[in-house]
Asker: 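Before I ask anything, here is the structure I am working with.
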Amino acid sequence: MAGAENSEGWQMPTIGGEDWQNNPDPVCESDPLGLGVGVFKDERHVPRGFRPTASPAAVAKLHQQHDADGRKVAAWQRAHLTDPHSQHRFEVYIHVPFCYRRCGYCDFNTYTARDFGEGASQKNYANLVICELQRLHAWQVRTGIVCQPASSVYFGGGTPTILPSHDLVRMLACVRTLWGLTPDAEVTTEANPDTVSLSSIRELAEGGFTRISLGMQSAVPHVLATLDRTHRQENVVSAISWAKQCGLETSLDLIYGAPGESMDDWETSLKAAIGLNPDHLSCYALTLAPATKMGRLVAAGKLAAPSDDDEAAKYEVADKLLQQAGYQWYEISNWAHPGHEDQHNLGYWTGADWAGIGPGAHAHFAHLRTWDTRHPKVWTRQLNAGVLPWSGHEWVDEQGTLEEGLMLGLRLRRGISVRHVDHLAQAAGYESVDPRIWQRLEEDSLLEPVSHDAVNESDEMRLRPTLRGRLLNDAIVETVLDSLTRA
Amino acid sequence: MVTEVNQPGRTPQSLIRNFCIIAHIDHGKSTVADRILQLSGVVAPHEMRNQYLDRMAIERERGITIKSQAVRVPWKVNGTEYTLGMIDTPGHVDFTYEVSRSLAACEGAVLLVDATQGIEAQTLSNLYMALDDNLTIIPVLNKIDLPSADPDKYGKELADLIGCDESDILRVSGKTGEGIAHLLDTIVAKIPAPHGDPKAPARALIFDSVYDSYRGIVTYIRMVDGEIRSRERVRQMGLGSAHDPIELGVISPNMTPCTSLGAGEVGYIITGVKDVRESKVGDTITTERNPATKPLPGYSEPEPMVYAGIFPMDNVQFPDLRDALEKLQLNDASLTFEPETSVALGFGFRCGFLGVLHMQIIVERLKREFGLDIITTAPNVDYKVVQEDGTSVEVRNPSQFPDGKIREVEEPMVLADIVTPKEFIGEVMDLCQKHRGQMKTMEYLSPERVDIEYRIPLGEIVFNFFDQLKSHTKGYATLNYTRDGVQKADLVKVDILIHGEKIDAFSAIVHRDSAYSYGVMMTKRLQKLIPRQLFEIPIQAAIGARIIARETISPMRKDVLAKCYGGDITRKRKLLEKQKAGKKKMKLLGHVQVPQEAFIAALSTDTGAEDRDTRDKIRAARRKAQA
């Protein structure tokens, strides 16, 4: 539909006879629910989208729209933040969409090609990111959005460490120049254990990185093979010791529930990970996206589908072993030695603002959520055309804010404040949550009160999920939302 | 378009030939009708499309004819123009009554047989109906263009059946048009002209009526005697009501108004009535000015054979459902409905249908033409239950089945004609026996094909009998049935309990011998279809207070997204909203959320392959019952 109005009531620009924003950027836009339906089978296939031939008028129109968005954010900040500099946090996420090999389960926005042409290459990638950083910062300044030092910078992927360390450091330096970093800023990069060396890690540490998160996934060779991982356990052992040697905080990622993984396999992996004594551990249940290689194998019956019961049992084992080893859960899939929680991710769950840089990255400012075009080539074209490389955006309304507040807050150890949920519900036009709902969820041992401790400084009533409640988190959110009645 | 010489109302009876095309379903009636329309020139080449006369979307899509159509077509033989009244009839067993009323408007019938398949069950039933009405039969083999056609073999079969010479059987292809002109010539030569009395008071037989949303009821009539002029007040002799016609006309192939209709002609009349029941099929129309004294013999309205509950998914749609059913009834007097309340499904209607296909078509039209979201319960037939105290109850719905002691139950029976290649006789007999059928006769139509007649309970047929018959005979066997009294049978009601609550929508009346398999199958099916919930859900089948089968849905242990970072938040929220919308499509039965598919599966009559677990459980349930 050329020239149709979008949800904000804007006329969408028509470029080259096609609505590029409505036009299939096949992963994200044809798959708004993110079920992975559109993962590229052939990543060389460049989706139709923003054309290099975009007319100056169309580009100008995009500028206007982005600026209108920014002014809306600025207006919201002026109305709601009395002291913006103390009241909200700002973070930067940088996506690196390159991998040596695509893992069978992975539905992230990542590619094994190194050069897509038109400057969209691994070699040139740091320059493109710097370009987007500058453009975003200029947008903030121009529209009056509060600019403040970043409390965290996170490089995710893909495999960020596929890039030379000096590229990563260069991008970080750009953030420092534009926004500055808070004194205790956390700077993390994800890494595959076989893409780092002592010297590369040292270079990162010297360049300002403070933390490394290693994709260990499993310690059992047959599970690693099922997951298409290229590394071996020895790589993890050396990578983590190098990281510690360089003074970095460490985190390990594990995946449970892979086809063929026994409970013994899982315990082996857990114990191996604990044995390496990282500061932080993430354990993720294997989630199958239908269009991934593994999803297709399962659909074809060639691979056993992960079972919820098996994953639940493995989660319980993980929680027990990690707790015994002194790790404490602070989010459903995250455990840490107290004081070593991942500040960057906590920001996502507690409403920080963040810049999202790189193909497919999401950003968040006040109630504005935007996301970049997923295909690196199209994304590069947008950068070259002088616009922010966004492919979509939304202004989260009161209903959405309520839903996000519940679903994010209930993932956390600090839990949710009952009073805060009531505020959100009222803002969205509902009555306060019926106290009997909370009571029922407590009786059903899904929720428990948060005691007055370090996490809960005020004396307001807070609730958090129990172990059972963590595993049935979505059901809790749905129960609360279903119980709401219109005011 | 050709201009007709013979004008409606001024066509001598000697130039009129009225005929219908009868055949088994899929033997190519509508295609032959298409070629006739094309060849006679009433449809311009650029307007031609397949199944021209099937106007309903569902007819065109499924390639079946549901409503009869009557078209006036000119045809010249030796320079004389004749007027052919052609009626295209449905072939499916559910719509036999449509055929029977069309036959009464004709003097002859074209009996079409697929040259690749030969005689089938509905060929027989339609032929016998036509012979009963003393129609002249023109036997025709269709689809002779197909490589697999064997006109010699099936010609012999057909000649033996009708008792004619093999050379009398025409060979045509509806697809290529081969032989169609010769067929039309033969129709003119062989089918007798109507022989009504043009001078007598007018008498016209109503053989169909359809509802047109713009024009109201369009009544199809066959003039027998006399003449009706437009603007002449007419009277329906049976109902006794009088109307001023708004329009009189012929269909050629679009509705074309005319000033009068004379004896022998087929046409339509619009009187402005809004309800199809006010234009009763089988009634006789005459004029007020010069009324006839004796009506024409009519025919009895078909009675529903199959009943099912239709409920709106959302009870708010109840009035919409009623409106939709009323609209459908305008066009289909054989559809009956009355309000019904179900504990599980709320307010809805118990509807009566002519058969399972009829039911499927109504359900599909409700969904598509009226955009309704509906749940249909499993179909059942009408039983008579005599209680211990001698009172008898008519049961059209399992929930009407009395709870107390029962003296006897009567179930309706049918005579089923099954035509099958002889290599499948064993399978067909097994199947009929399994469905409590008793064999009546077996006749060889030809050395290869047999016509077997069974007396079977109707209740066994309306479930998945037809599909099973097809799958047991590689699709070759065909079935036709007519009602044939009742019999006493040992029938029980099986209830399904979800989380201890009886769900009336899943109750079924079945023979005691199949009660266990029904119970086990249904509980297993529901166990698969109902998603796990936060608590354990027992699913039980019971006869009265006695539990005969049980399955358990274990409580859900995990329902959480593993990762919820930057970009996941929007996705997750949208997923949440989608799930919420999906939940609206679930029915809350007690505390248990039951998805729509569970109800659809309850309707689905597919028993599926019985696995070992199912067989073991059925055996165990039986043993327990005997102990």
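Any value given below was found using the heavy atoms of this structure, including those in side chains, with hydrogens, waters and symmetry copies removed. Not measured: the values here are computed from a predicted model.
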Asker: Where on B:E577 is there a heavy atom nearer than 4.5 Å to chain A: the side chain, the backbone, both, or neither?
Answerer: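 Side chain of B:E577 only, per the 4.5 Å heavy-atom cut-off to chain A.
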Asker: Kindly indicate whether the side chain of B:K572, heavy atoms from C-beta on, has any atom under 4.5 Å from the side chain of A:L408.
Answerer: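 A side-chain contact under 4.5 Å is absent here.
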Asker: Might you point out which heavy atoms bring B:R557 and A:L471 nearest each other, and give the distance in Å?
Answerer: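 Scanning both residues completely, I find the closest heavy atoms to be O-CB, 3.3 Å.
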Asker: What heavy-atom pair brings A:A285 and B:K558 nearest, and what distance separates the two atoms?
Answerer: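 The pair with the smallest heavy-atom distance is CB-CE, 3.9 Å.
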Asker: Under 4.5 Å heavy-atom distance to chain B, tell me which part of A:E316 shows up: side chain, backbone, both or neither.
Answerer: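 Answer is side chain: those atoms of A:E316 sit under 4.5 Å from chain B.
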Asker: Under a 4.5 Å heavy-atom cutoff, which of A:Y315, A:Y93, A:W349 has the most pairs with chain B?
Answerer: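 Max contact count across the listed options: A:W349.
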Asker: Count the heavy atoms of every other residue, nucleotide or ligand shown that sit under 6.0 Å from OH of B:Y476, and state whether that count exceeds 12.
Answerer: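 Check fails, neighbour count at 12 or below.
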Asker: In terms of heavy-atom proximity below 4.5 Å to chain A, should B:I569 be classed as side chain, backbone, both, or neither?
Answerer: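 B:I569 touches chain A through backbone and side-chain heavy atoms alike.
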Asker: Could you go through the side-chain contact (heavy atoms from CB on, under 4.5 Å) check for B:V560 and A:R411 one step at a time?
Answerer: CA-CA 9 Å; B:V560 62; A:R411 294 181 74 89; 4.1 Å; yes
Asker: Please determine if A:E403 and B:K574 form a salt bridge, counting it only when a charged side-chain N lies under 4.0 Å from a carboxylate O.
Answerer: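 No salt bridge links A:E403 with B:K574.
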Asker: In the structure I gave you, are the side-chain heavy atoms of B:L576 and A:L481 within less than 4.5 Å of one another anywhere?
Answerer: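 In contact.
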Asker: Could you go step by step and tell me if A:I332 and B:L561 meet the side-chain contact (heavy atoms from CB on, under 4.5 Å) rule?
Answerer: CA-CA 9 Å; A:I332 283 171; B:L561 194 70; over 6 Å; no
Asker: Between B:R573 and A:V396, is a side-chain contact (heavy atoms from CB on, under 4.5 Å) present by the stated rule, with each step listed?
Answerer: CA-CA 10 Å; B:R573 176 160 45 74; A:V396 182; 3.4 Å; yes
Asker: Side chain from CB out, backbone as N, CA, C, O: work out which of these in A:R468 comes under 4.5 Å of a heavy atom of chain B, or both, or neither.
Answerer: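 Side chain of A:R468 only, per the 4.5 Å heavy-atom cut-off to chain B.
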Asker: Would the distance check show the side chain of A:W371 and the main-chain N or O of B:T570 forming a donor-acceptor pair, the cut-off being under 3.5 Å?
Answerer: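 Pair absent, no side-chain N/O of A:W371 close to backbone of B:T570.
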Asker: Taking every heavy-atom pair that is under 4.5 Å apart, which of A:G156, A:C283, A:A313 has the most such pairs with chain B?
Answerer: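 Top count of heavy-atom pairs under 4.5 Å with chain B: A:A313.
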Asker: Taking atom OG of A:S282 and atom OH of B:Y565, what is their separation to the nearest 0.5 Å?
Answerer: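 A:S282 atom OG to B:Y565 atom OH measures 5.0 Å (nearest 0.5 Å).
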Asker: I'd like to know whether A:N473 forms a side-chain contact (heavy atoms from CB on, under 4.5 Å) with B:D559, so could you lay out the CA-CA distance, the side-chain angles of the two residues, the decisive distance to 0.1 Å, and finally the verdict.
Answerer: CA-CA 6 Å; A:N473 211 259; B:D559 179 21; over 6 Å; no
Asker: Does A:D308 come within less than 4.0 Å of B:R532, counting only side-chain N to carboxylate O?
Answerer: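 Between B:R532 and A:D308 there is no salt bridge, as every charged N stays at least 4.0 Å from the carboxylate O atoms.
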Asker: Quick check: do A:L472 and B:M556 have side-chain heavy atoms less than 4.5 Å from each other?
Answerer: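 Touching, per the 4.5 Å side-chain cut-off.
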Asker: With rounding to the nearest 0.5 Å, note down the distance linking SG in B:C564 to CG in A:N334.
Answerer: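 Atom-to-atom, B:C564:SG and A:N334:CG are 11.0 Å apart.
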Asker: What part of A:L286 is in contact with chain B, defined as an atom under 4.5 angstrom from a non-hydrogen atom: side chain, backbone, both or neither?
Answerer: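 It is neither, since no heavy atom gets under 4.5 Å.
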Asker: If every non-hydrogen atom of A:S333 is compared with every non-hydrogen atom of B:A562, which pair is closest and at what distance?
Answerer: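 The pair with the smallest heavy-atom distance is OG-O, 2.7 Å.
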Asker: Checking A:A363 against chain B: side chain, backbone, both or neither under 4.5 Å from a heavy atom?
Answerer: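 Neither; nothing under 4.5 Å.
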Asker: For the CG atom of B:D568 and the CE atom of A:M407, what is their distance to the nearest 0.5 Å?
Answerer: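 So the gap between those two atoms works out to 8.5 Å.
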